[in-house]
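To start, the structure under review is shown below, and the notes come after it.
Predicted model, so just to flag it, every value in this text is computed and none were measured.
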Amino acid sequence: VVAGLGLACVALAAVAALILAAPRPLAAIFSSDASVLDAFVRARLGLCLATISMNLAVVLEGLLMATGRTRAVLLAGLVGSWAGQVPAVALLVVYWRRSLG
């Protein structure tokens with residue numbers, strides 16, 4: 001278990017480093033528009049943090065599923081989404097920016 005979590009953390013760190021170090025070539029996979037590439041470069045820190053947190057959640061979910069704690073995964077997902085993510089996004093949209101873009 002510890003080795004698997006360690007490997008997942010190493011992989012997440014590598015992906016995060018790639019996003020931070022080379023955002024323009026990564027964005028070029030999806031678009032050649034200069035404004036899109038510039039926006040991706042400006043958003044690289046947020047994208048990096050979102051990538052790490054979302055994928056770490058998937059890894060930890062898989063760990064619980066492997067131990068047979070499926071009910072805990074369901075409850076954690078429901079609580080995390082509705083008591084954490086949804087209010088956080090609502091607050092950010094209202095108090096930080098009036099858009100998600």
Looking only at heavy atoms, the pair that brings Ser31 and Leu37 closest together is O-CD2, 3.5 Å
Residues clustered with Phe30, ILVMFWY side-chain links under 4.5 angstrom: Val15, Leu18, Ile19, Leu26, Ile29, Phe40, Leu47
Rest of the hydrophobic cluster containing Val10 (Ile/Leu/Val/Met/Phe/Trp/Tyr, side-chain heavy atoms under 4.5 Å)? none
For a quick test of your reading: what N or O donor-acceptor pairs under 3.5 Å do the side chains of residues 57-79 make, sequence neighbours left out?
from  : atom 1 : to    : atom 2 : distance (Å)
Thr67 : OG1    : Leu64 : O      : 2.8

Only pairs at least two apart or in different chains count here, so list each salt bridge (charged side-chain N to carboxylate O under 4.0 Å, His left out) that has a residue in residues 8-22. none
Among the clusters formed by ILVMFWY side chains lying less than 4.5 Å apart, do Leu56 and Leu5 turn up in the same one? yes
Can you tell me which residue pairs pass the salt bridge (charged side-chain N to carboxylate O under 4.0 Å, His left out) test with a partner in residues 35-44, sequence neighbours excluded? Arg24-Asp38
Look up atom SG in Cys9 and atom CD1 in Ile52, then write down how far apart they are to the nearest 0.5 Å. 9.5 Å
Under the side-chain hydrogen bond (donor to acceptor under 3.5 Å, both in side chains) test, which residues partner Asp33, sequence neighbours left out? Ser35
What one should report as the nearest heavy-atom pair of Pro87 and Ser81 is CD-O, 4.3 Å
